[in-house]
Amino acid sequence: MTEIAKAYEPHSVEQRWYPFWEGQGYFKPQGDGPIYSITIPPPNVTGKLHIGHALCYTIHDVLLRWKRMQGYRVLCVPGTDHAGIATQNVVEKELRKEGLSRYDLGREKFVERVWEWVNEYGGQILSQLRGLGCSFDWQRTRFTMDEGYVKAVMDCFVRWWEAGLIYRGKRVINWCPRCATAISDIEVEHEDRPGKLYHLRYPFKDGSGYVVVATMRPETMLGDTAVAVNPSDERYKDKLGQTMILPLVGREIPLIADYHAKAEFGSGAVKITPAHDLNDYEVGLRHNLEMVVIIDEHGRMNETAGPAYAGLDRFAARERILEDLEAQGLVDRLEDYTVPTALCTRCHTVVEPLLSDQWFVKMKELAGPAIEVVKEGKVEFVPERFGRTYLDWMENIRDWTISRQLWWGHRIPVWRTDDGEYIVARSEAEANEKAKGRRITQDEDVLDTWFSSQLWPQAVLGWPEQTEDLETYYPTSVLITARDIIYLWVARMIMSGLYFVNEIPFHDVYIYATVLNEEGKRYSKSLGITVDPLEVTALYGTDALRFALLIRTAKGQDIRFGPIREKRQPQVEEARNFANKIWNATRFVLMNLGEGAPVEARWEPSTALADRWILAELNSTIEQVTAALADYRLNDASQTLYHFFWDEFCDWYIEFSKTQFAAKEETDEVRAARNRIVYVLETSLRLLHPLMPFITEELWQRLPHEGDSIMVAAWPQIDQRREDREAREQMETLIALITKVRNIRSVMNIPISAWLKVYMATSDERIKALVTANADQFKRLARIAEISVTDALPALEAAARDVVAGVEMAVPLAGLIDLEKERERVNKEIGRKENEVKGMQARLGNPSFVDRAPSEVVEQTRARHDELMSEIAKLQETLKALGA
RNA sequence: AGGCGCGUAGCUCAGGGGUAGAGCACUACCUUGACACGGUAGGGGUCUGGGGUUCAAAUCCCCACGUGCCUACCA
């Protein structure tokens with residue numbers, strides 16, 4: 001017999017099995033079963049594993065391992081995203097340490113520098129995923145800027161251009177002055193900040209007074225080209241069309257009527273700055289107003305703002321302008337105000353709405369079919385409610401700004417000829433050809449990073465080539481992702497998949513739980529204090545982290561997950577303890593396999609109660625776990641296995657059959673018992689493997705088994721013939737009886753060394769037979785020397801008495817009994833039962849309950865009531881005998 | 001402002017029309033030949049509040065309060 005460590009030590013085990021699996025080629029599609037395929041959400045190349053990733057990719061691995069065991073031909077393609085702004089920012093930060101900016105290097109050198117960085121650190125997160133046990137096909141690893149992928153992106157752009165879906169337009173877009181690029185609506189976050197509402201006076205040209213307008217951003221007044229009031233606003237009826245003189249600037253601006261102005265707000269008049277506000281821009285379009293740009297791409301006032309302000313930062317300009325207006329008596333009043341502020345998600349700089357030239361994709365046409373497939377259920381969201389979230393957004397979709405003023409990313413494949421024509425081509429050579437000798441220059445901008453990732457499922461399988469992989473594995477089975485990128489990513493993949501491959505990219509979209517900190521808030525990089533999954537696994541092992549996360553992923557509900565404190569993380573500790581339990585149960589079995597004929601993992605038919613019971617329980621565990629996994633209820637699967645393994649298998653089955661399978665002499669009986677326990681254990685390990693791959697492989701290899709690895713062993717099957725209601729009921733009774741004896745011992749402080757006698761009385765022959773047949777186990781587990789089962793209890797002095805499952809029990813306690821304590825115990829028992837009876841009597845006494853409730857329920861209630869009443873009567877006799 | 005969640009034992013959370021479950025923490029006993037990362041027994045909850053539907057509500061519906069997320073927008 002080999003020596004087995006007393007406690008599970010995860011680290012050496014984990015290091016041993018991962019290379020073995022990979023070396024065996026198990027991560028690649030095997031066999032010719034039905035297809036199960038996933039393309040992972042590509043983490044950013046800037047990414048380091050955080051706890052949310054750990055959950056996301058663990059879920060991937062659970063499903064992959066499970067399907068593989070079920071005989072599917074499983075493929076999972078991993079990869080990374082070049083992550084435009086995020087990566088550029090990281091490299092710029094590196095440069096800053098050297099006292100350089102990207103402009104010092106120039107575009108070409110800078111991009112080279114980013115590539116160096118990507119080559120060095122880009123794969124980091126993927127190798128961290130190996131540590132989590134992820135069984136992905138690493139040889140198919142892709143990057144959103146690798147050679148083939150670039151082709152896909154170019155192809156997409158060109159085809160959309162040719163279809164008229166891409167256009168260039170002037171728009172007020174969200175501009176981050178720090179990143180110096182346009183950002184999309186969904187890359188903007190909103191925050192309420194304390195600020196002021198400034199009421200300013202705009203004088204009429206004819207000297208007939210002034211109009212008061214309110215603004216949160218007075219510096220934009222330099223770009224005003226009108227003041228608007230609501231058409232129905234009586235106050236201004238006769239002033240409409242009049243001209244005002246814009247203070248400080250002197251420009252003449254009209255008073256116009258537009259629904260954008262709300263009569264209830266302030267004075268009802270609103271200043272219009274078409275070039276620096278989205279709504280004002282639309283008002284400007286409607287009224288054909290001049291669009292005056294006064295702020296540049298770095299957030300500074302430009303030349304147009306006038307010599308007094310040009311070059312000033314927008315916030316400094318605000319102060320100066322206020323002073324100047326104040327000096328002219330044009331500040332009506334200030335008001336404290338909560339200012340909704342738009343911030344750049346990446347760097348938290350205040351976003352500046354800016355009028356600029358950008359590339360757009362028309363979304364309406366693309367959205368139509370993508371709405372349909374979700375409505376028809378061809379693409380299914382789990383949990384369902386996220387489907388509604390998706391539809392809400394899709395039905396109100398706006399055009400997508402795809403150009404970014406960055407250097408890192410897919411350069412927009414548009415060239416401009418000197419005479420101003422746009423040439424769109426898949427490569428520079430093709431563009432030159434199309435230019436027919438004219439000089440061309442490529443657009444400076446790159447594409448939004450989501451423009452490339454929208455193609456992910458098809459592109460990683462080879463699209464736009466019609467590859468075998470694309471043919472075989474597309475559409476994929478499921479997309480597992482976070483809810484904050486349903487719009488950014490999920491929706492766009494559905495649209496592009498339908499457009500280019502004419503087929504949905506995935507059947508299911510499983511939105512997994514968001515991992516929150518202890519206060520129930522999102523972990524965010526800017527706030528710091530995250531849990532490092534690697535620190536957790538270093539402390540408790542990978543399987544423990546996986547299990548701790550999985551048992552908490554209920555129906556997309558958020559998970560609260562605290563940091564490690566004083567080298568402890570209680571949630572993972574619970575899972576580690578479970579791993580240790582699995583380890584020790586197996587260790588115990590292995591220590592008792594004997595020396596004779598080899599033991600096998602084989603169920604030997606048995607009529608013994610515990611055997612019938614554990615087989616039935618195992619069977620229903622298989623059923624429940626399989627159903628839970630199929631339904632993405634990973635917490636149910638985890639909980640069911642936890643309960644089965646610990647409470648049923650360890651606490652009762654092993655305890656029950658201990659003496660038998662651990663016997664010294666090797667009879668056929670003993671060997672059969674060993675086969676049975678190994679069978680249950682080995683099956684349990686297979687059920688646990690998708691959740692806890694390492695420990696299960698290690699133990700499985702040590703147990704009698706067939707095959708090379710648990711990873712490719714078959715998923716357990718249910719067998720209806722193993723259902724055994726009678727065994728379950730009887731076991732329940734037996735457990736109740738044993739527990740009652742233990743309870744009496746415990747409450748009466750009976751030392752463990754005292755082997756008692758117990759009398760039981762019942763008229764139920766089946767219970768008599770049950771106790772007799774299991775007398776050995778009963779005695780051992782309740783520490784009883786002798787059991788007597790009769791029709792009626794004999795007269796006993798100084799005994800503790802109780803009644804459970806209709807069985808009267810008496811435990812003689814001569815010399816041990818404390819009458820006071822026993823009275824207390826019995827009284828409490830009576831109280832408990834009376835409490836239950838009270839509710840039942842109320843119901844049974846209510847005619848409408850008896851009439852209207854289902855007869856089963858009424859009968860059940862009546863039966864339970866009668867049983868309780870007779871039990872109470874018996875306990876009251878006991879009490880009397882105790883001299884109460 | 002709208003949408004979507006959540007509010008159950010001291011803590012973290014399952015459950016979900018027939019008067020409540022787990023883990024941790026707590027109390028008592030136990031180093032009994034797998035495991036103290038363990039065993040046995042126990043204490044602890046009017047399931048946020050108020051209405052309604054029902055024979056029956058923690059569970060379904062409405063309202064309120066608290067809390068979180070998403071979206072939109074606000075001179």
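Between A:K581 and A:V857, the residue anchored closer to the 5' end of RNA chain B is A:V857, taking for each the nucleotide with the nearest heavy atom. Annotation: of the two residues near RNA chain B, A:R483 and A:V837, the 5′-most nearest-nucleotide partner is A:V837.
Ring geometry, A:Y632 versus A:Y510: the interplanar angle falls under 30°, so the pair is classed parallel (tilted spans 30 to 60°). Taking the six-membered ring for Trp and thresholds of 30 and 60 degrees, A:W652 and A:F656 have ring planes inclined between 30 and 60 degrees apart.
The residues A:K838 and A:E834 are annotated as not salt-bridged, no charged nitrogen and carboxylate oxygen being separated by less than 4.0 angstrom. Look at A:E836 and A:K833 and you find no salt bridge, because none of the NZ, NE, NH1 or NH2 atoms lies under 4.0 Å from a carboxylate O. A salt bridge links A:R825 to A:D802: at least one charged side-chain nitrogen sits closer than 4.0 Å to a carboxylate oxygen.
Of the P atoms belonging to B:rA56 and B:rU19, the separation is 15 Å, rounded to the nearest Å. Taking the C1' atoms as reference points, B:rU53 lies 39 Å from B:rC73, given to the whole Å. On the C1' atoms, B:rA14 is 10 Å away from B:rU8, given to the nearest whole Å. For B:rU31 and B:rG38, the C1' atoms lie 10 Å apart once the distance is rounded to whole Å. For the P atoms, the distance from B:rA58 to B:rA20 is 11 Å, rounded to whole Å. A distance of about 29 Å separates the P atoms of B:rC63 and B:rC11, rounded to the whole Å. Taking atom C1' on both B:rC29 and B:rG49, the two are 42 Å apart, rounded to the nearest angstrom. Between B:rG15 and B:rU48, the two P atoms lie 15 Å apart (nearest whole Å).
A:R314 meets the salt bridge (Lys or Arg N to Asp or Glu O under 4.0 Å) test with A:E352; sequence neighbours excluded. Take A:Y198 and apply the ring-ring contact (aromatic ring centres under 6.0 Å, His included) test, not counting sequence neighbours, and it matches no residue. Here A:K821 pairs with nothing under the salt bridge (Lys or Arg N to Asp or Glu O under 4.0 Å) rule; sequence neighbours left out. When the salt bridge (Lys or Arg N to Asp or Glu O under 4.0 Å) test is applied to A:E859, no partner is found at least two apart in sequence or on another chain. Taking the salt bridge (Lys or Arg N to Asp or Glu O under 4.0 Å) definition, one finds that A:E820 meets it with A:R823, sequence neighbours left out. Annotation: side-chain hydrogen bond (donor to acceptor under 3.5 Å, both in side chains) contacts of A:N749 (sequence neighbours excluded): none. Residues passing the side-chain hydrogen bond (donor to acceptor under 3.5 Å, both in side chains) test with A:K581: none are found, sequence neighbours excluded. In this structure A:E395 satisfies the side-chain hydrogen bond (donor to acceptor under 3.5 Å, both in side chains) test together with A:K375, sequence neighbours excluded. A:T220 meets the side-chain hydrogen bond (donor to acceptor under 3.5 Å, both in side chains) test with A:K271; sequence neighbours excluded.
The side chain of A:K740 contributes no N or O atom lying less than 4.0 Å from OP1 or OP2 of B:rG42. Neither OP1 nor OP2 of B:rA56 sits under 4.0 Å from any side-chain N or O of A:S848. A sub-4.0 Å separation between OP1 or OP2 of B:rA41 and a side-chain N or O of A:R742 is present. Contact between the side-chain N/O atoms of A:R832 and the OP1/OP2 oxygens of B:rG43 is found at a separation under 4.0 Å. A sub-4.0 Å separation between OP1 or OP2 of B:rU32 and a side-chain N or O of A:K658 is absent. Under 4.0 angstrom from either OP1 or OP2 of B:rG23 there lies no side-chain N or O belonging to A:N577.
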- Mark up nucleotides 3-13 of chain B, 5' to 3', with B wherever a protein heavy atom is under 4.0 angstrom from a base atom, S wherever such an atom reaches only the sugar-phosphate, and - elsewhere. -SSS-----SS
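Note on A:A228: nothing from the nucleic acid sits closer than 4.0 angstrom, heavy atoms only. The residue A:P854 sits close to a base: some heavy atom pair falls under 4.0 Å. Residue contacts shown for A:K6 are limited to sugar-phosphate atoms, with no base heavy atom under 4.0 Å away. When heavy atoms are screened at a 4.0 angstrom cut-off, A:T586 is found touching no nucleic acid atom at all. At the heavy-atom level, A:K828 lies under 4.0 Å from the strands shown only through sugar-phosphate atoms. Residue-level contact check: A:A269 touches the bases, meaning some heavy atom is under 4.0 Å from a base atom. Among the atoms of the strands shown, base atoms are found under 4.0 Å from some heavy atom of A:P340.
In this structure, the CH2 atom of A:W583 is 19 Å from the C1' atom of B:rA36, given to the nearest Å. Between the CD1 atom of A:I4 and the P atom of B:rC37 there is a distance of 19 Å, given to the nearest Å. Between A:N592 atom CG and B:rC35 atom P there is a gap of 11 Å when expressed in whole angstrom units.
Side-chain atoms of A:E655 and base atoms of B:rA34 include a donor and an acceptor less than 3.5 Å apart.
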- Item | Structure string for RNA chain B in dot-bracket form, Watson-Crick and G-U at under 3.5 Å, | interchain | (((((((..((((....[..)))).(((((.......))))).....(((((..]....))))))))))))....
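Less than 4.0 Å separates RNA chain B from at least one heavy atom of each of the following residues of residues 640-654 of chain A: A:Y642, A:W646, A:C650, A:D651.
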